[in-house]
Amino acid sequence: MSDKKKIFLVAGGTGGHVFPCVATAQVLVEQGHDVTWVSDERGLKYQSHWPNNQIIKTPVLSSNNKAKFMLSLKFSFIKSFIKILKEKPDIIVGFGGYPSLPMMLAAQALGKKTIVHEANATLGKANALLGKRAHHVAVSFPSGHIKAVLTGNPIRPDIAALADKEHKFQNNKVNILIYGGSLGAQVFNQIVPQAFEKLTFKERARFSIQQQVVNDNARTALEKEYQDMGLEALLLPFIEDMPNALDNADLLMARSGASTVAEVTCAGRPAIFIPYPFHEDRQQYTNAKFVEKAGGGIIIDENDGEHTAAQKLYEFLKDLPDLEKMGKASKSLGKPKAAWTFAELIIKTA
């Protein structure tokens with residue numbers, strides 16, 4: 001293609017940064033652009049998802065030890081500076097995380113065009129710094145940032161495709177999908193059985209559960225609890241086929257990371273969110289609040305304590321609201337074309 005662009009996509013090594021980067025790359029590669037991924041050692045474990053073999057490894061940056069962090073940052077900045085001078089990309093796009101800093105800072109020092117993408121409702125520290133000199137700050141939620149462009153959070157095509165499928169909700173039989181991300185979430189294993197225990201046998205018969213439980217011992221114990229309650233449940237260490245699991249679900253129970261919120265709203269499923277409570281900026285709580293305000297989900301605060309959380313879950317399950325109405329509210333926030341929208345912004349800016 002005559003207007004082929006050379007693009008560096010830079011993402012920190014967690015799934016929340018990597019997967020929006022991968023989804024965007026897939027679109028750009030399909031359009032014929034020259035795309036290179038820059039990440040740290042943690043990010044490279046996801047390289048099987050990358051659409052080509054153009055990958056640059058950046059040194060891992062430790063944010064815990066300030067001296068090591070600054071030394072690592074300086075070394076990686078120099079390395080990135082030289083790489084940009086040699087490769088001459090048209091634009092460098094950052095998806096957040098400390099490992100994105102050296103390449104993005106080097107790009108801005110050289111006067112290269114840059115865009116940062118923020119998956120969460122609140123800007124992360126790296127993106128807040130980089131956004132000051134970036135051409136655009138692409139956001140997944142409405143934002144008051146002066147450079148904000150609302151693109152949505154890019155998600156993989158097989159989940160984006162769920163936006164075009166109509167789902168039949170039946171309140172007399174509800175399939176619940178429960179997962180806490182790649183590491184799982186112990187809180188689900190604690191409060192879910194407590195909540196179901198308070199329901200009558202007849203009320204429990206309305207539900208079937210598919211749940212991710214990473215730990216083998218915890219999974220065995222939970223299987224017995226559900227069996228003793230007469231609950232239909234499938235417990236897995238990892239949910240391999242998330243598009244199919246989400247397609248079959250009537251109700252989701254999960255953390256509220258940016259990718260999870262993007263996927264559940266794209267599919268148009270009601271959600272029970274239990275935000276991860278240990279982020280300084282409470283980013284997952286802010287993500288979930290957008291869905292709750294629209295009527296597409298509820299928030300259960302882990303900080304309220306296990307008993308209170310279980311009680312709130314019980315009350316929701318006992319007097320189940322109109323799931324179809326909640327699903328429509330959730331879907332109204334979905335942006336299944338986010339990867340294409342963001343790719344278009346990148347090319348226009350380059």
For the student: nearest non-hydrogen atoms of [X] and [Y], plus distance:
X: Q54; Y: V35; value: NE2-O, 3.1 Å
X: P142; Y: F290; value: CD-CE2, 3.7 Å
X: N287; Y: A121; value: OD1-N, 2.8 Å

With a 3.5 Å cut-off and no angle check, do the side chains of [X] and [Y] form a donor-acceptor pair?
X: E263; Y: N153; value: no
X: Y226; Y: Q211; value: yes
X: S208; Y: N175; value: yes
X: Q311; Y: E315; value: yes
X: S76; Y: T58; value: yes

Do side-chain atoms of [X] reach the backbone of [Y] as a donor and acceptor pair under 3.5 angstrom?
X: Q212; Y: F238; answer: no
X: K331; Y: C266; answer: no
X: T265; Y: A262; answer: yes
X: K173; Y: A205; answer: yes
X: D90; Y: K6; answer: yes
X: S330; Y: M326; answer: no
X: T308; Y: G305; answer: no
X: R269; Y: A267; answer: yes
X: S39; Y: A11; answer: yes
X: T151; Y: A339; answer: no

Please say whether more than 12 non-hydrogen atoms of neighbouring residues, nucleotides or ligands are located less than 6.0 Å from [atom1] in [X].
X: K125; atom1: NZ; result: no
X: E306; atom1: CD; result: yes
X: K328; atom1: NZ; result: no
X: L85; atom1: CG; result: yes

Check whether any side-chain heavy atom of [X] lies under 4.5 Å from a side-chain heavy atom of [Y], and answer yes or no.
X: V213; Y: N189; answer: yes
X: Q227; Y: E225; answer: no
X: T341; Y: K335; answer: no
X: T349; Y: I91; answer: yes
X: L73; Y: P102; answer: yes
X: P99; Y: K57; answer: no
X: I7; Y: T36; answer: no
X: L177; Y: L251; answer: no

H167 and F169 aromatic ring geometry - parallel, tilted or perpendicular at 30°/60° bounds
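If you compare the ring of F169 with that of H167, the planes turn out perpendicular.
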Tell me, please, whether F201 has R204 positioned over its six-membered ring: NZ or CZ under 6.0 Å from the ring centre and within 45 degrees of its axis?
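Not flagged: R204 not positioned over aromatic ring of F201.
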Give a yes or no on whether a salt bridge exists between R206 and D250, defined as a side-chain N under 4.0 angstrom from a carboxylate O.
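Salt bridge flag = no for D250 with R206.
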State plainly whether the residues R282 and D301 are in salt-bridge range, i.e. N to O under 4.0 Å.
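Salt bridge present between R282 and D301.
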What's the verdict on side-chain hydrogen bond (donor to acceptor under 3.5 Å, both in side chains) for T114 and Q108, showing C-alpha distance, side-chain angles and the deciding distance?
CA-CA 7 Å; T114 60; Q108 292 179 346; 3.2 Å; yes
same_hphob_cluster([X], [Y]) at 4.5 Å side-chain heavy-atom cutoff:
X: F8; Y: L105; answer: yes
X: I239; Y: L252; answer: yes
X: I115; Y: V18; answer: yes
X: V192; Y: I272; answer: yes
X: F316; Y: F196; answer: yes

Could you give me the CA-CA distance, side-chain angles and deciding distance for F19 and Y46, then say whether ring pair (Phe, Tyr, Trp, His ring centres under 6.0 Å) is met?
CA-CA 9 Å; F19 285 122; Y46 299 104; 5.1 Å; yes
For the ring pair F69 and Y98, is the centre-to-centre distance below 6.0 Å?
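Centroid distance F69-Y98: below 6.0 Å, so yes.
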Examine H117 together with F95 and report whether their ring centres are nearer than 6.0 Å.
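So the answer is yes for these two rings.
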Step-by-step salt bridge (charged side-chain N to carboxylate O under 4.0 Å, His left out) determination, D247 to K165:
CA-CA 9 Å; D247 188 24; K165 294 185 69 174; 2.7 Å; yes
Working for side-chain contact (heavy atoms from CB on, under 4.5 Å), residues K147 and H136
CA-CA 5 Å; K147 297 180 181 178; H136 301 293; 5.5 Å; no
Set out, in order, the CA-CA distance, both residues' side-chain angles and the distance that settles ring pair (Phe, Tyr, Trp, His ring centres under 6.0 Å) for Y179 and F188, then state yes or no.
CA-CA 8 Å; Y179 69 100; F188 298 136; 8.4 Å; no
Value rounded to 0.5 Å, distance of CG in L28 from CD in E344
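Rounded to the nearest 0.5 Å, the CG-CD separation comes out at 11.5 Å.
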From N52 atom CG to H33 atom NE2, the distance as rounded to the nearest 0.5 Å
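Reported value, rounded in 0.5 Å steps: 13.0 Å.
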Apply side-chain hydrogen bond (donor to acceptor under 3.5 Å, both in side chains) to Q210 and N248, showing your working.
CA-CA 10 Å; Q210 182 172 344; N248 291 325; over 6 Å; no
